[in-house]
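Worksheet for the structure shown next.
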Amino acid sequence: MVLRLGSVAPDFEAQTTKGNIKFHEFIGDNWTILFSHPADFTPVCTTELGLVAALQDEFDKRNVKVIGLSANGLEEHRKWITDINDISGVDLQFPIIADADRKVSELYDMLDHQDATNVDAKGIPFTVRSVFIIDPKKTIRLIITYPASTGRNFDEILRVIDSLQLGDKYKITTPGNWKKGDDVIVHPSVSTEEAQKIFPKGVKVVRPYLRLTPSPF
Ligand code: BEZ
């Protein structure tokens with residue numbers, strides 16, 4: 001199955017460091033970030049998971065659950081979490097899926113057999129650095145794959161969450177490099193006349209197709 005923006009996130013059952021889960025039940029009424037990393041006890045991944053743990057309050061504020069994944073077992077995950085906590089000075093609380101049989105990795109297309117930069121000593125692909133943002137309706141709203149060499153910018157992931165949550169609430173989109181609090185763009189489906197009624201803080205018409213309004217936050 002090819003996963004695209006708008007696909008329903010496939011449901012699955014898995015073992016995690018916080019117990020067994022059914023993914024859709026885990027999501028519940030929350031937004032969810034499902035992210036995979038190549039392997040436990042690898043350097044870039046260690047820094048990434050430390051960062052995610054440090055951002056826990058930011059995810060909570062946005063009603064976002066976070067869940068990691070790699071094709072390692074529970075015992076390795078648990079030992080590695082001790083290291084992550086020690087190295088990054090955090091208390092990692094989000095679950096990590098133990099996908100040693102690669103069932104979830106296959107389901108979410110997280111194995112790239114062509115990427116020679118992301119293989120173990122035997123040449124077997126590690127899971128790639130995938131990020132899926134899934135909304136409370138279980139719809140996939142963002143998919144990104146990063147190279148094995150490059151740690152992710154989780155502030156960017158939070159920025160996209162802010163944009164998606166705002167866009168779901170108001171008829172707006174967000175410009176390049178937008179961040180929470182900046183002006184937003186009136187959705188193209190809204191006429192300027194209508195925009196002037198629904199955005200009481202005012203509408204600035206840069207071009208008929210580019211109308212800005214202060215952030216409704
Ligand atoms: C890392 O996390 O450092 C890493 C993992 C797999 C391939 C390359 C780097």
Side-chain angles (χ1 to χ4, degrees), residues 1-4 9-10 12 14-19 21 23 26 31-60 62 64-134 140-161:
M1 182 185 13
V2 180
L3 298 182
R4 298 273 188 241
F12 58 84
Q15 280 191 322
T16 83
T17 50
K18 295 286 184 184
I21 60 154
F23 190 50
F26 170 83
W31 287 73
T32 298
I33 297 172
L34 168 65
F35 73 110
S36 51
H37 58 272
D40 296 356
F41 299 103
T42 51
V44 175
C45 306
T46 302
T47 62
E48 287 187 313
L49 271 80
L51 273 173
V52 174
L55 287 169
Q56 188 64 56
D57 285 353
E58 296 300 322
F59 295 120
D60 292 345
R62 293 162 174 84
V64 174
K65 281 187 161 184
V66 179
I67 185 162
L69 175 150
S70 74
N72 298 100
L74 270 188
E75 204 175 318
E76 267 177 293
H77 278 347
R78 290 203 174 110
K79 284 187 189 147
W80 186 42
I81 288 172
T82 308
D83 259 7
I84 295 167
N85 286 342
D86 187 32
I87 292 166
S88 297
V90 293
D91 178 17
L92 191 157
Q93 286 300 327
F94 60 85
I96 306 176
I97 297 167
D99 193 39
D101 59 9
R102 298 176 175 235
K103 275 197 188 138
V104 183
S105 316
E106 294 280 5
L107 196 59
Y108 277 79
D109 196 17
M110 291 167 167
L111 297 166
D112 182 348
H113 294 271
Q114 298 177 69
D115 180 8
T117 70
N118 194 34
V119 292
D120 70 12
K122 293 182 191 151
I124 297 168
F126 286 130
T127 37
V128 290
R129 285 188 210 290
S130 291
V131 184
F132 291 85
I133 295 181
I134 300 161
I140 296 176
R141 303 291 296 274
L142 166 140
I143 303 173
I144 318 182
T145 305
Y146 284 73
S149 57
T150 309
R152 285 161 281 201
N153 182 336
F154 287 93
D155 290 332
E156 167 62 3
I157 309 300
L158 284 167
R159 192 188 75 88
V160 179
I161 294 264

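Whatever order the structure lists them in is the order used to number ligands and atoms, beginning at 1.
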Review point. With a 4.5 Å heavy-atom cut-off, do Asn72 and Phe41 have their side chains touching?
Key: no
Review point. Does the side chain of Ile161 come within less than 4.5 Å of Phe59's, by heavy atoms?
Key: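 No; the side chains remain at least 4.5 Å from each other.
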Can you tell me which residue and heavy atom of the protein come closest to [atom], and the distance to 0.1 Å?
{"atom": "atom 8 (C) of ligand 1", "value": "Ala148 CB, 3.9 Å"}
{"atom": "atom 3 (O) of ligand 1", "value": "Val44 N, 2.8 Å"}
{"atom": "atom 4 (C) of ligand 1", "value": "Arg129 NH2, 3.6 Å"}

**Study point:** Over-ring placement of Lys65 relative to Phe26, 6.0 Å and 45° cut-offs
**Key:**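 Yes, a cation-pi geometry.
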Proximal ligand 1 atoms for [X], defined as those under 4.0 Å from one of its heavy atoms:
{"X": "Pro43", "result": "1 (C), 2 (O), 3 (O)"}
{"X": "Pro38", "result": "5 (C), 6 (C)"}
{"X": "Asn118", "result": "6 (C), 7 (C)"}

**Study point:** Short N-O contact, Lys79 and Glu76, less than 4.0 angstrom
**Key:** no
Check your understanding: Quick one: does ligand 1 sit under 4.0 Å from the side chain of Cys45, the backbone, both or neither, non-hydrogen atoms only?
Key -> both
Point to revise | Distance-only N or O hit between ligand 1 and Ser149, under 3.5 Å | key: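 Looking only at distances, the answer is no, because the N/O contact criterion of under 3.5 Å is not met.
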Exercise for review: Determine yes or no for a side-chain-to-main-chain donor-acceptor pair under 3.5 angstrom, with Asp155 supplying the side chain and Arg159 the backbone.
Suggested key: no
**Study point:** Pairwise distance CD1(Ile96) to CZ(Phe35) - rounded to 0.5 angstrom
**Key:** 7.0 Å
